[in-house]
Amino acid sequence: MNSIKKLLMVMTLLLSVTYASAQIKNKSTETVKINGNCSMCKKTIETAANINKEAKVNWNENTKTATITYDNKKTNLDAILKRVADAGYDNEKFTAPNTVYDELHGCCQYDRDASPKKVQ
């Protein structure tokens with residue numbers, strides 16, 4: 001019984017240290033609009049935005065908004081949104097290249113906005 005308690009304490013300590021080191025330093029948080037449709041979009045958007053673990057992104061498929069928390073010493077919002085556009089998803093600042101958008105799975109091809117943005 002004593003060894004189980006010690007094991008649980010060690011596991012709790014290790015998880016606490018892991019969680020503390022996973023937090024983003026010098027963080028800025030912003031909410032932005034990113035087009036997409038489904039859970040496949042969510043995975044692609046969040047993965048594209050989190051290159052080098054510089055950002056944590058939570059995209060909501062119902063509201064089409066993403067909460068982006070990033071280390072402002074390592075990256076900026078434009079760089080993150082450019083990566084998302086390069087993955088095929090139009091957003092507030094950048095338009096995805098047509099060739100990349102056309103390669104998205106059928107359910108991921110959202111209605112594109114005709115508003116002028118920076119094109120890749």
task = Inspect the contact between Lys82 and Asp78 and indicate whether a charged nitrogen and a carboxylate oxygen are less than 4.0 angstrom apart.
result =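 Salt bridge flag = no for Lys82 with Asp78.
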Considering only heavy atoms from C-beta outward, does the side chain of [X] approach that of [Y] to under 4.5 Å?
| X | Y | answer |
| --- | --- | --- |
| Val57 | Asn50 | no |
| Glu54 | Tyr70 | no |
| Val100 | Pro97 | yes |
| Asn37 | Cys107 | no |
| Thr75 | Arg83 | yes |

request  = Among Ile68, Val84, Asn58, find the one that has a side-chain contact (heavy atoms from CB on, under 4.5 Å) with Glu46.
outcome  =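 Exactly one pass, corresponding to Asn58.
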inquiry  = Closer than 3.5 angstrom, by distance alone: can the side chain of Tyr89 be matched with the main-chain N or O of Cys108 as a donor-acceptor pair?
reply    =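 Checking the backbone N and O of Cys108 against the side chain of Tyr89, no donor-acceptor pair under 3.5 Å is found.
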request  = Using atom types as modelled and distance alone, determine if a side-chain donor or acceptor of Glu92 lies under 3.5 Å from a backbone N or O of Lys33.
outcome  =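 Side chain of Glu92 to backbone of Lys33: a pair is present.
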message = Please give me the minimum heavy-atom distance between Ala85 and Ala96, naming the atom from each residue.
response =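 The answer is O-CB, 3.1 Å.
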Shortest non-hydrogen contact from Gly88 toward Leu104 = O-CD1, 3.4 Å
Please round to the nearest 0.5 Å and tell me the distance separating atom [atom1] of [X] and atom [atom2] of [Y].
| X | Y | atom1 | atom2 | result |
| --- | --- | --- | --- | --- |
| Tyr110 | Cys38 | OH | SG | 12.0 Å |
| Asn35 | Asp90 | CG | CG | 5.5 Å |
| Trp59 | Thr47 | CH2 | OG1 | 12.5 Å |
| Thr67 | Glu30 | OG1 | CD | 10.5 Å |

ask   = Which residue pairs satisfy the side chain to side chain donor-acceptor pair (under 3.5 Å) criterion with at least one member in residues 98-107, sequence neighbours excluded?
value = Asn98-Arg112
inquiry  = What I want to check is whether the side chains of Thr65 and Thr31 have a donor and an acceptor closer together than 3.5 Å.
reply    = no
query = If you look only at pairs with a residue in residues 55-76, which of them pass as a salt bridge (Lys or Arg N to Asp or Glu O under 4.0 Å), with sequence neighbours excluded?
reply = none
ask   = Can Asn91 and Leu81 be said to form a side-chain contact (heavy atoms from CB on, under 4.5 Å), step by step?
value = CA-CA 7 Å; Asn91 55 68; Leu81 291 178; 3.6 Å; yes
